Structure formats: structure tokens, C-alpha cells
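First comes the structure, then the notes that go with it.
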Amino acid sequence: MAKKRPQSKGGGTKQKKQKKAPTGQRPSLAPRATGVVTTSKAKRKKKDDKPPPAQGRKALVVKPARGVAVAETVQLWNVFRKKAIDEATRKKTVDAALSALTGKLYEASLKHDSARVVQALHKFGDASQRAKIEAELVPRLGELAIRPYARHVALALVKRAADSSQRSTRCRAVRGKFRQIAVHAVGAKVADALLQTAPKRDALALRRELYSVPDADLLKAETLSEILNEVEARRRAPILLGVDATLSKLCDKGLAHYAFAHDLLFERCASLHNLRELASRTAEAHPHFVSTRNGARASSILATAADAKTRKGLLKKCWRSRAAQASLHARAHIALIRFLDVVDDTKQTGALVSSEIGPACAELALDACGAQVLLSLLVDASSKYLSADVKDVLKEDPSSVQIEGAPASRKPRDQRRSELCGHVAPGLKRALETRAPALLASRSAAPVVIAALSAKPLMGDAALLDRVARACLAPAAAFRVPDDDVEAKNPHF
């Protein structure tokens, strides 16, 4: 006879305790749930209710046009962009592609493949076909400029403007939002192209937007300095803060290589207000600023106003490992000359001169710009051998310039120049010993030879003087100069 199971006092049967599953395993289901819940992958029913329409910023996002029309235009694009094709076939295929994208050109400009089609349509189309494209896209030029792929379409519209009226139309299309485009990581290139191609009056109106002056159009002033002189004194500080904010955004986003940023920085430096803080804020972007005339002049002004810590940063970030290359640059050598003229720490600067400029003395002397860098270390600032640009940047002695109640440089100019000249003297001596005939035959290098022999480190070297004298008496065949040295074809002597 089977034994009965013991019953609890309450009369019910005991439930087995569920064992806890180890970590990573699914726990077993309770006995009462068996047959009700399944662990197999069940197909979820699609919801019939559509989500509510997007609100706010998401509602402004336009989905690019895709489908049969885009695929067809891409195939036509592969036809009409070929070089070996007759004009009738090209016009026919451009018409077919344009008709497929009419009314959807903006959406097509947002994708990488269809954006190329739109660019090609504007490039290979005739006047009437371009007019259709421009009528649809030019009013939305500001939106195209800040889109990654549409930016190339915007650049094509700007650069291929046929006349001044079309260029003015493009400028008017971005009025009121030009500053937003200029500080945008994608749109800055379009802003630079607009300023380079715009008529003078339109370019002036666009530049005024960079000053962040609400009523700039009502003022007669054209530049930032003139605007500051025309407005009330209480408004000057907010205007300068707005310009500083624009420059900070350009530097932080890596947009300091555009020419309009250099022009804006030079106009800001011309105000001579709070330059020391501006120099510290823009120090990392100086390698880009020195590539243009206005940028190099602004860099010279900021190097004069900078403190010792900022100048040390400029030495490391801007000039170290670039000094010889900058000496040969048509604009950067101006900023380098001023930097060497204002820095007080001649120990670190002397290491830069002796390690980078010294070994390249011969090549620098044979170059018109490089020779000016060497001459700035050898002769006085008023010497006849210096160019007009170099004299202009050196016209103010840094020890006499007051920045925030203190001189810009504490060391006398003559002492600084003599100390740096001692660092470059070994390189000059080596150049004179090895390439004296070539240096004497060059119009740019001959003044360097004269100044080097007159400088204190090399003045009493009889052996060097004898070598140079023998080079002067050498036959004409010994005066060999590089073929690309244009100035050497008209010898200085």
C-alpha cells in the first residue's frame, strides 16, 4: 500500500522551492506558468498607430530625395560628364537629368552621389539650364553652405557666378546669417569664397556682420576702427567682445587658415585694446596667421603685446621646426623678424637660431626673404639693406612700447641683436668659407656678406677675410649660382 504524503498543517501541499539560476542563465519558470508563457522568439505584431509628427528641430530636417529619379540621374551623369561627347548629346542628357530633379535639387544636394550630379549639371549646363538651377538653389544658399555635401554645390554656385550682378545676388542670399556661416566648421569655406568674389559694396556689408554691430548698415564707417570711433564710448567694449568671440570660435574650430579670419584679426589688432589677452587666446593659430600679409602684420603686433609665457608658447607652437621654412616665405618672414626683435629670452631663441637658421645660412642668403631675416640680425633697423616691409614692422623699438603700463621688452634692442648674432655667426662663417663666390654674385646675398664681415663675431677673422678676398679675385667661372636665382643674373657689384 502506497504511503501518503505528509500534509502541512494548513492542509495544502508543499511547493518545491525554485533554485536560483547561476549568473548568465535564464531562471526556470514556475510550474503554474508552464504552458502559458513561452520562451521561444515570438513575432511581434506591427503597431498600426503611426508615431506623431516630429516637433521642434527634428521637424526641420529634410530627408534627401532617393529612389528611381536619383538612380536615373546618376546614370545620365556618367554620360554627360565625359570629355569625348558632342554638345547635342550632352545637352540632351543634361535636360533629362535636370527634368528628373526639378523641384528636388535642394534635397538632392544633401547626399554624396546626387550632390555631384547637381554640381555637374551646373558645370556642363548652358545659360538657360544654369538659370533653372540657380533659381531653385541660390535663395537657399545659406542652408546649402552648412551642409557637408551641399557645401560643394554652394561653392560651385559662388565661384561660377557669371557677372557682378549674380555675385551680388549670392551675397544677398546669405545676408543676416553670414556670421553663422563664417564660424561654422563646414560653411567657413563658402564664406571665404563669398568674400573673395563679392563686389566691394557687398563684401563690406558681409564683413560688417562679423563685427556683431546691429546697426552697422546705418553707420558711415567701413572698418572696425572707424566703427569704434563713430559709435558711443559705452558701445565699444561689447563690440570688441563680439569680435573676440568670433575670433575664438574660428581658432577653436580650426578655421584660422581662411583669409577673412586674418583680415578680421588685423582689424581687431588695430584697435590696440586688450591685445595681451588676445595674443594668449590666438597663440595656437599663429602658424596659419603668418601666411598672409594682414595675418603676418597682426602676428607681429600680438608678439609685441604678448607676455613672456605667450611668447614661449609662440616659440614652441609657431616657429620651432619651422623657422627656416618661414624665413623663405614671402609673408611669414616679416612675423619671424618681429618675433626675434621683441623676445627677451635669447637663450631659447638663440637655440632656435643656431639649430635651424644657422645651418641654412647659404640658402637663406640666396633668397630675397631669407636674406632679410639674416640682415635683421646683423644690421640696425634703419639700414638701407632692409626692405620697406621690414622697416615698417621694426619702426617701433619694443623697449619703448608700453603694454599695460610696462615696456613690451625689457632688454635693449642692440643687446638682443648682438646676442642672437653670436648664435648665427658660425653658420654664416661656414657659408662664407664654402660658397663665397655664389654669395657674392647674388643681389640678395651680397649685402649679407658685407654685413656679416662687419659684425662683431666675424670682424677680426683674418683668415675668413682672406678667403672672401680671394673669392672676389676668382675667374668668372667660379661664380656659380643656382639656376632659379633670378636676382643673380644681375650681379650686385
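On a predicted model such as this, the values are computed, not experimentally measured, just so you know. Every heavy atom of this structure was used, including side-chain atoms; hydrogens, water molecules and symmetry mates were not.
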Interatomic distance, CZ@Arg208 vs CZ@Arg175, rounded to 0.5 Å, equals 9.0 Å
**Item:** Evaluation steps, side chain to side chain donor-acceptor pair (under 3.5 Å), between Glu226 and Asn229
**Value:** CA-CA 5 Å; Glu226 294 175 355; Asn229 293 333; over 6 Å; no
key: Side-chain heavy atoms of Lys391 within contact of Lys395, under 4.5 Å   = no
- Query: Is Arg297 paired with Asp389 through a side-chain N to carboxylate O contact shorter than 4.0 Å?
  - Reply: no
May I ask you to check if Arg322 and Trp319 form a cation-pi contact, with NZ or CZ under 6.0 angstrom from the six-membered ring centre and within 45° of the axis?
no
Step by step, would you call Leu340 with Val353 a side-chain contact (heavy atoms from CB on, under 4.5 Å)? CA-CA 9 Å; Leu340 297 176; Val353 171; 4.3 Å; yes
Any luck finding a side-chain donor-acceptor pair between His122 and Glu134 under 3.5 Å?
yes
With a sphere of 6.0 Å drawn around CZ of Arg116, does it hold more than 12 non-hydrogen atoms of other residues, nucleotides or ligands? no
Notebook entry, point to check: Any salt bridge between Asp307 and Arg311, counting N to O under 4.0 Å?
Noted result: no
With no hydrogens and no angle check, just 3.5 Å: does a side-chain donor-acceptor pair link Thr246 and Arg179? yes
query: Charged N to carboxylate O under 4.0 angstrom, Asp95 versus Lys92?
result: no
query: Aromatic rings Phe80 and Phe124: how do their planes relate, parallel, tilted or perpendicular, breaks at 30° and 60°?
result: perpendicular
Are the side chains of Ile337 and Leu394 in contact, using a 4.5 Å heavy-atom criterion? yes
Given side chains that start at C-beta, do those of Ser225 and Glu267 come closer than 4.5 Å, heavy atoms only? no
Are Arg170 and Leu141 packed together at the side-chain level, in the sense that at least one heavy-atom pair is separated by less than 4.5 angstrom? yes
Taken to the nearest 0.5 Å, the spacing of Glu277 CD from Thr282 OG1 works out to 10.5 Å
query = Can Glu87 and Lys91 be counted as an ion pair, charged N to O under 4.0 angstrom?
reply = no
In this structure, CG of Leu265 is separated from OG of Ser299 (nearest 0.5 Å) by 8.5 Å
* **Full working for side-chain contact (heavy atoms from CB on, under 4.5 Å) between Leu98 and Thr73** => CA-CA 8 Å; Leu98 187 58; Thr73 54; over 6 Å; no
With heavy-atom distances below 4.5 Å as the criterion, would you say the side chains of Phe178 and Leu195 are in contact? yes
Kindly check if the number of other-residue, nucleotide or ligand heavy atoms within 6.0 Å of NZ (Lys123) is above 12? no
Using a distance-only test with no angle check, is there a side-chain donor-acceptor pair under 3.5 angstrom linking Ser128 and Asp126? yes
Using a 4.5 Å cut-off on heavy atoms from C-beta on, say whether the side chain of Leu275 contacts that of Arg268. yes
(Q) Between the side chains of Arg140 and Glu143, is the shortest nitrogen-to-carboxylate-oxygen separation below 4.0 Å, so that they form an ion pair? (A) yes
Exercise. Quick one: do the Asp163 and Ser165 side chains pair a donor with an acceptor below 3.5 Å?
Worked result: yes
Value for CG (Leu315) from OG1 (Thr310), rounded to nearest 0.5 Å, stands at 12.5 Å
So, Glu209 and Lys177, do they make that salt bridge, N to O below 4.0 Å?
no
Exercise for review: Mark yes when over 12 heavy atoms from residues, nucleotides or ligands other than Glu433 sit less than 6.0 Å from its CD; otherwise mark no.
Suggested key: yes
Residues Tyr385, Ile450; criterion side-chain contact (heavy atoms from CB on, under 4.5 Å); working and verdict: CA-CA 10 Å; Tyr385 295 131; Ile450 297 172; 4.0 Å; yes
Distance col, row Leu278:CG vs Ile301:CD1, nearest 0.5 angstrom, shows 10.5 Å
dist Arg276:CZ -> Arg281:CZ (nearest 0.5 Å) comes out at 15.0 Å
Do Leu110 and Tyr149 touch side chain to side chain, with heavy atoms closer than 4.5 Å?
-> no
Between Trp77 and the options Val117, Val118, Leu121, the side chain to side chain contact (heavy atoms under 4.5 Å, CB included) test singles out Val117
Any salt bridge linking Asp192 with Lys189? Criterion: basic side-chain nitrogen under 4.0 Å from a carboxylate oxygen.
no
Do Ile239 and Ser212 come close enough that some side-chain heavy atom pair is under 4.5 Å? no
Side chains of Asn78 and Gln75 only: does a donor on one sit below 3.5 Å from an acceptor on the other? no
**Q.** More than 12 heavy atoms from other groups under 6.0 Å of CD on Glu284
**A.** no
| message | Is it true that Ser327 and His333 share a donor-acceptor pair across their side chains at a distance under 3.5 Å? | response | no
### Message
Is the ring pair Phe260/Tyr258 parallel, tilted or perpendicular, if the boundaries are 30 and 60 degrees?
### Response
parallel
